[in-house]
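One structure below.
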Number of protein chains: 2
Amino acid sequence: MANILQANCMMCRMRSDIFNTLNESELHRVDDCRVSIKYHQGEIIFKQGSPCHDFVCVTSGLVKLYLEGEGDRRIIIGFARPVDYIFVPGAFSDKRHHFTAVACEESTACLVEVDIIQDLLKTNQEFASSFMTKVSEQAIQLFDQLTSFTQKQMPGRMAEVLICLSQKIYQSNPFITSLSRQDIADMSGMTKESAIRIMKTFKDDGLILAEGNSIEILDFAKLETISRNG
Amino acid sequence: MANILQANCMMCRMRSDIFNTLNESELHRVDDCRVSIKYHQGEIIFKQGSPCHDFVCVTSGLVKLYLEGEGDRRIIIGFARPVDYIFVPGAFSDKRHHFTAVACEESTACLVEVDIIQDLLKTNQEFASSFMTKVSEQAIQLFDQLTSFTQKQMPGRMAEVLICLSQKIYQSNPFITSLSRQDIADMSGMTKESAIRIMKTFKDDGLILAEGNSIEILDFAKLETISRNG
DNA sequence: TAATAGTGATGATCTATGTCATTCAAAAAC
DNA sequence: GTTTTTGAATGACATAGATCATCACTATTA
């Protein structure tokens, strides 16, 4: 909601679309309790299990959202980029975070008290409606991830992840990523070693080009076939 | 919302809690377009991919909800029992069903046009709020399932499923189930053969007693340990 | 400059789990 | 009463993918 140029929600061009449904006075209420915070790479924005006080909207950088399992195992369930707000289901049930959010690179976010947002959801039905849409889309994405993780095998999952990175997250090809191989593994539900191995076979087959942080997809069509066939 | 005794929403004692937030006239609106339908075992209530016209509330029986993957593979993501309504995320995005609902046994359900429900969500904020809570809880459950499927191995997943069946779905021990071994496998993310094998080891170890449709948990504590340790 | 740590890469195992084939029992159909 | 069908059970086998160990390369710190 805030960026370097605009220090308030009303004029902010970085703000999430859902705020367009708010009127001037509602925006003022949000702005009054808004805090903009800068995070360094690797810093935790909020942690799974902790109480959720704030509604988070990412205004710059890239934030990864992951589930923490037993023994350091992680599953990345999504990312938040400018200008995404992070839907926290715990805000409506047990007031706890159910996943962890970490800055993948230098990032800024605006924090707003959840109470304010929940009040707005009650008084502004258009706002509530766009919120419901967002929540629903996230649920649908989770369905896809569950299906993919349990029914596809590694090459299919990796192909899916690479396409997602290029098309949705970075929207460029080639793309420079701040994600480690471990992160890519966490996105595709496998160990780091397996991720590296699969990427190597893709490289050997001329499907991609991967050199450190730079990844380029050479054969989109074939990758999509692999992704579809599991 | 309707049962044998009460043929309208206003007097219905079977109706879902969320309808308690509606006033008389709102309930009348729901009742006016309500249709109560009886399903036989195995019948599809709605199918993944099809357009979603109706909001479904289960009034008797048991309904399984599953994702359909490639090649007949299924993942059961939950059940609806009296009196649960089924949250359909597609209703708020692409107007398509993203999972399939099938009656596990003789079941009845009330169908209400989604438009009516969406109108109510806009005009009655208390109704919307209880709806949001429900949606959030479902998302959290999906997180747990994703973690379990990718990080636990078969005995852990099976233990989890058996405890869930006894405590949440049937709320009795022993319990008689209308679910097949395939269904139990679909709940725990494994093949039917593996499910049968794991259940056999549980039987041999004296943790459960399984005889056809009847399942009894003998050692809850140990099952929970297995479930936790993956 | 050396030392330490973090990440990427790769090979050698090991095992959890899927696949396939078969048997058996019970129920349903004829 | 026999035949057919359906679901449960079990064994043999194959393999995807985890685990473990090692090594190379940077980047940071002493």
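We find that CD1 of B/I184 is positioned 12 Å from C1' of D/dG7, with the value rounded to whole Å. Atoms CD1 (B/I196) and C1' (D/dA8) sit 5 Å apart, rounded to a whole Å.
Taking the six-membered ring for Trp and the full ring otherwise, A/Y170 and A/F79 have centroids separated by 6.0 Å or more.
Nearest heavy-atom pair, B/N173 versus B/I217, reported as atom, atom and distance to 0.1 Å: OD1-N, 2.8 Å. Among all heavy-atom pairs drawn from A/R157 and A/S188, the shortest one is NE-O, 2.9 Å.
A salt bridge (charged side-chain N to carboxylate O under 4.0 Å, His left out) check over residues 211-228 of chain A, counting only residues at least two apart or in different chains, returns nothing.
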Protein proximity profile, nucleotides 17-28 of chain D - base contact B, sugar-phosphate-only contact S, no contact -, cut-off 4.0 Å on heavy atoms: SSBB--------
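The backbone N or O of B/T108 sits less than 3.5 Å from a side-chain atom of B/T59, completing a donor-acceptor pair. Listed for the B/S36 side chain is no donor-acceptor partner under 3.5 Å among the backbone atoms of B/C110. Looking only at distances, a side-chain donor or acceptor of B/S166 sits under 3.5 Å from a matching main-chain atom of B/S172. No donor-acceptor distance shorter than 3.5 angstrom exists from the side chain of A/E105 to the backbone of A/S178, with no hydrogens or angles considered.
Axis angle, first five pairs versus last five pairs of the helix from C/dT1-D/dA30 to C/dC30-D/dG1: 30°, rounded to 10°.
The environment of A/K200 atom NZ is sparse: at most 12 non-hydrogen atoms of other residues, nucleotides or ligands sit within 6.0 angstrom. The neighbour count for B/E70 CD, taken as heavy atoms of other residues, nucleotides or ligands under 6.0 Å away, does not exceed 12.
Rounding to the nearest 0.5 Å places CZ of B/F175 at 10.5 Å from CG of B/N213.
Reading DNA chain C from its 5' end, the first and the last nucleotide to sit under 4.0 Å from a heavy atom of chain B are C/dA16 to C/dC20.
Residues from residues 61-68 of chain B with heavy atoms under 4.0 angstrom of DNA chain C: there are none.
Exactly one of B/K47, B/R74, B/E68 qualifies for a side-chain hydrogen bond (donor to acceptor under 3.5 Å, both in side chains) with B/T100. That residue is B/E68.
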Which pairs of donor and acceptor atoms, one on a side chain in residues 140-148 of chain B, lie under 3.5 Å apart (sequence neighbours left out)?
unit_1	atom_1	unit_2	atom_2	d
B/Q145	NE2	B/I76	O	2.9
B/T147	OG1	B/F143	O	2.9
B/S148	OG	B/E160	OE1	2.6

